[in-house]
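For clarity, every value in this text was computed on a predicted model and none was experimentally measured. Convention: sequence-line order gives letters A, B, ...; per-chain numbering from 1.
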Amino acid sequence: MPELPEVETICRGLNHLTLDRAILGGDVLLASSIARSMSASDFLTKLKGKSIERWYRRGKYLLAELSQCRGGAPVPAQTVLPSTSPLGGGWGGLTSSVFLPSQTGWLGVHLRMTGQLLWVNQSEPLPKHTRVRLFLEENQELRFVDQRTFGQMWYVPSETEVSSVVTGLKVLGPEPFSAEFSTAYFAQKLHRRARPIKTALLDQSLVAGLGNIYADEALFVSGVLPTTLCADLTADQIGRLHAAIIQVLQKAIASGGTTFSNFLNVQGVNGNYGGVAWVYNRKGQPCRACSTPIERIKLAGRSTHFCPVCQTKGEVNGF
DNA sequence: AATAGAACCTGCGGGC
DNA sequence: TGCCCGCAGGTTCTAT
């Protein structure tokens, strides 16, 4: 379900609502929702007595920094700083807080296609696809609901490098809003590559966080056909696409995630990506810019939508 | 090394 | 009404 803007929206909501409350217990209704690095019972045992200090997003991953609640076992201070951050490159300001003495592990979450993280009262009726429940103080609950069961949760002990457990973090490229994601970097990664640009945009090692919706939207805004081979992109096209990726994602975050989906934020409220998509899921409907019917093809096994006129003009679309 | 395709699941909507 | 097919926002494993 979620791409970067939706995960960012969830992350902000979680930081607003879930911090500094003791995790008193939990319930794993589907064992496979806990990544196989750990059993479901160990997962719950490790989380019990901890609280969430802060949520972070990396690509489409959510990571909660945990701390020990008062009354818990004392945590020895870290005396030797490791040479690399446990969260790997591209994490920016997070590194400095990782080895505070109170830090006692991480909770990782990936929502995959249909996962939802909801902050509810424990008395709320359980949706059919409830997979994991974490019970916090004052009868509150962090509830993981996931119809297609692809979503995953991880517990990572504080002395362990996060990416050694949440292995998907290892292959993530730069955050799209970071300085590392420069036009020069983008051009270099596309240089002489044979695959279509749409396929490349879905590759999380190129840039982290784009998914099928925003890849199509960014290609429309930049006026580039999704079938264009990376090697055939002009410097101008690469520049427009680089800018469009950032613009489309920022706009979606500003609107609280997409609305053409069953996306819900942590309080169960639908997002609002400026109201509309330019091309995604609009096959046969008139282009919002030129009225030409939107076309739909398949690339890398994913449906791909584009305007055959606007994306061949050699200029930016949208306003 | 780079790339394509299948696999992992459940449910929904369209066509017959 | 019911069955079969394709489709769904993601990642990872396997095969070329």
Would you mind classifying the nucleic acid contact of [X] as base, sugar-phosphate or nothing, using non-hydrogen atoms under 4.0 angstrom?
X         : result
Ala194(A) : sugar-phosphate
Gly301(A) : nothing
Ser32(A)  : nothing
Arg302(A) : base
Arg131(A) : nothing
Lys298(A) : sugar-phosphate
Gln204(A) : sugar-phosphate

Expressed in whole Å, how much space separates the [atom1] atoms belonging to [N] and [M]?
N       : M      : atom1 : result
dA7(B)  : dC5(C) : P     : 16 Å
dC8(B)  : dC3(C) : C1'   : 24 Å
dT14(C) : dC9(B) : P     : 15 Å

> Any side-chain donor-acceptor pair under 3.5 Å between His129(A) and Asp146(A)?
Replying inline: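 Per modelled atom types, His129(A) and Asp146(A) side chains form no pair under 3.5 Å.
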
>> Below 30° counts as parallel, above 60° as perpendicular, anything between as tilted: where do the rings of Tyr61(A) and Trp154(A) land?
In response: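 Correct class here is tilted.
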
>> Using 30° and 60° as the class boundaries, would you call the ring planes of Phe220(A) and Trp278(A) parallel, tilted or perpendicular?
In response: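 Rings of Phe220(A) and Trp278(A): parallel, under 30°.
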
[X] has an atom [atom1]; how far is it from atom [atom2] of [N], in whole Å?
X         : N       : atom1 : atom2 : answer
Asp203(A) : dG5(B)  : CG    : C1'   : 15 Å
Leu202(A) : dG5(B)  : CG    : P     : 14 Å
Leu206(A) : dA1(B)  : CG    : C1'   : 16 Å
Tyr61(A)  : dT11(C) : OH    : P     : 6 Å
Asp216(A) : dG10(C) : CG    : C1'   : 15 Å
Ile213(A) : dC7(C)  : CD1   : P     : 17 Å
Arg112(A) : dT12(C) : CZ    : C1'   : 8 Å
Gln116(A) : dG10(C) : CD    : P     : 15 Å

With respect to the side chain of [X], which nucleotide from [options] is positioned closest?
X         : options                   : value
Lys60(A)  : dC9(B), dA4(B), dT11(C)   : dT11(C)
Arg148(A) : dA4(B), dT11(C), dT10(B)  : dT10(B)
Arg195(A) : dC9(B), dG11(B), dA4(B)   : dA4(B)
Pro196(A) : dA8(C), dT12(C), dA4(B)   : dA4(B)
Val171(A) : dT10(B), dT12(C), dT11(C) : dT12(C)
His129(A) : dT10(B), dT12(C), dG10(C) : dT10(B)

> Stacking between Phe150(A) and the base of dT11(C) (centre distance under 5.5 Å, interplanar angle under 30°)?
Replying inline: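 Here the ring of Phe150(A) and the base of dT11(C) are not stacked, as the 5.5 Å and 30° limits are not both satisfied.
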
>> What verdict does the side chain to side chain donor-acceptor pair (under 3.5 Å) test give for Thr18(A) and Trp55(A), after you've listed the backbone C-alpha separation in whole Å, the side-chain angles of each residue and the deciding distance to 0.1 Å?
In response: CA-CA 9 Å; Thr18(A) 67; Trp55(A) 287 92; 2.8 Å; yes

>> Quick test of your reading of the model: are Glu295(A) and Lys283(A) salt-bridged, counting only N-O distances below 4.0 Å?
In response: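 Answer for the salt bridge query: no.
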
>> Any salt bridge linking Asp236(A) with Arg240(A)? Criterion: basic side-chain nitrogen under 4.0 Å from a carboxylate oxygen.
In response: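 Salt bridge flag = yes for Arg240(A) with Asp236(A).
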
> Are OP1 or OP2 of dG10(C) and a side-chain N or O of His110(A) less than 4.0 angstrom apart?
Replying inline: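 No, outside the criterion.
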
>> Please confirm whether the shortest side-chain N or O distance from Thr199(A) to OP1 or OP2 of dT3(B) is below 4.0 Å.
In response: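 Thr199(A) to dT3(B) OP1/OP2: no side-chain N or O under 4.0 Å.
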
> Run the salt bridge (Lys or Arg N to Asp or Glu O under 4.0 Å) check on Glu175(A) and Arg57(A) step by step: do they pass?
Replying inline: CA-CA 10 Å; Glu175(A) 287 291 316; Arg57(A) 178 193 59 73; 2.9 Å; yes

> Which distance, rounded to the nearest 0.5 Å, do you find between the CG of Leu44(A) and the CD1 of Ile34(A)?
Replying inline: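 If we round to the nearest 0.5 Å, Leu44(A):CG and Ile34(A):CD1 are 6.5 Å apart.
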
> Reading DNA chain C 5' to 3', what string of ( ), [ ], | and . shows its pairs, if Watson-Crick and G-U wobble pairs count only when both distances fall under 3.5 Å?
Replying inline: .|||||||.|||||||

>> Does Lys198(A) form a side chain to side chain donor-acceptor pair (under 3.5 Å) with Thr304(A)? I'd like the steps, not just the answer.
In response: CA-CA 8 Å; Lys198(A) 165 66 184 284; Thr304(A) 298; 2.9 Å; yes

